[in-house]
Amino acid sequence: MGAVERQAAIQTREDARRIERLHRLKAALYSDPSLLVVDFLDRNPNLQITAQDIDRFRKLAHDLRHQEQWWWPVMSAWSDLALQTNSPEAALHVMEALRRAILGLNRELAVRKGVSVTSESDAPSR
């Protein structure tokens, strides 16, 4: 094995160990968000941390956990559905279902975010 191949093999093993470590760290941080603060403090022992900093870490950990457990699967399914949609009519049907869901859950939010309150199918025919 040449030097280039040997270096590539070493890099591959290091990458695999790093990925394994990151997966373990991710699982630990999601189950115990306080570890995010502890890890940060461990890496930055001379840094003064405030209650605001801790609150930001808590919010970040919560947001990460929420996105991983809820939004990522939904958006992944949404993406797959979009890839399977072979016609403009089907794409409009999917968008209409999402629009109705948002309106049904929180009409005020939908209006504030500019989600149309009426669909094209609700509009009077010409």
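If you're wondering where the values come from, they're calculated on a predicted model, not measured in any experiment.
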Chemist: Rounded to the nearest 0.5 Å, how far does CZ of R107 lie from CD1 of I102?
Modeler: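 The CD1 atom of I102 sits 13.0 Å away from the CZ atom of R107.
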Chemist: Measure the spacing between NE2 of H93 and CD of E96 and express it to the nearest 0.5 Å.
Modeler: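 So the gap between those two atoms works out to 9.0 Å.
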Chemist: Could you pull out every donor-acceptor pair under 3.5 Å between side chains of residues 4-15 and any protein atom, sequence neighbours left out?
Modeler:
residue	atom	partner	partner atom	Å
E5	OE1	G2	N	3.1
R6	NH1	M1	O	3.0
Q11	NE2	D15	OD1	2.8
T12	OG1	A8	O	2.9

Chemist: Please round to the nearest 0.5 Å and tell me the distance separating atom CG of L109 and atom CG of L103.
Modeler: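 Answer rounded to 0.5 Å: 9.5 Å.
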Chemist: Judged by atom type as modelled, is there a donor-acceptor pair below 3.5 Å linking the side chain of N44 to the main-chain atoms of L47?
Modeler: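 The answer is no, because no donor-acceptor pair under 3.5 Å joins these two groups.
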Chemist: Tell me, with the steps shown, if H23 and I19 meet side-chain contact (heavy atoms from CB on, under 4.5 Å).
Modeler: CA-CA 6 Å; H23 280 293; I19 290 169; 3.4 Å; yes
Chemist: Whether D63 and K59 form a salt bridge (side-chain N of Lys/Arg under 4.0 Å from carboxylate O of Asp/Glu) is what I want to check.
Modeler: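 The answer is yes: the pair qualifies as a salt bridge.
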Chemist: Do R99 side-chain atoms and S116 backbone N/O form a donor-acceptor pair below 3.5 Å?
Modeler: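 Yes, because the side chain of R99 sits within donor-acceptor range (under 3.5 Å) of the backbone of S116.
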Chemist: With distance as the sole test, does D53 use its side chain to make a donor-acceptor pair with the main-chain N or O of T50 at under 3.5 Å?
Modeler: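 Answer holds: yes.
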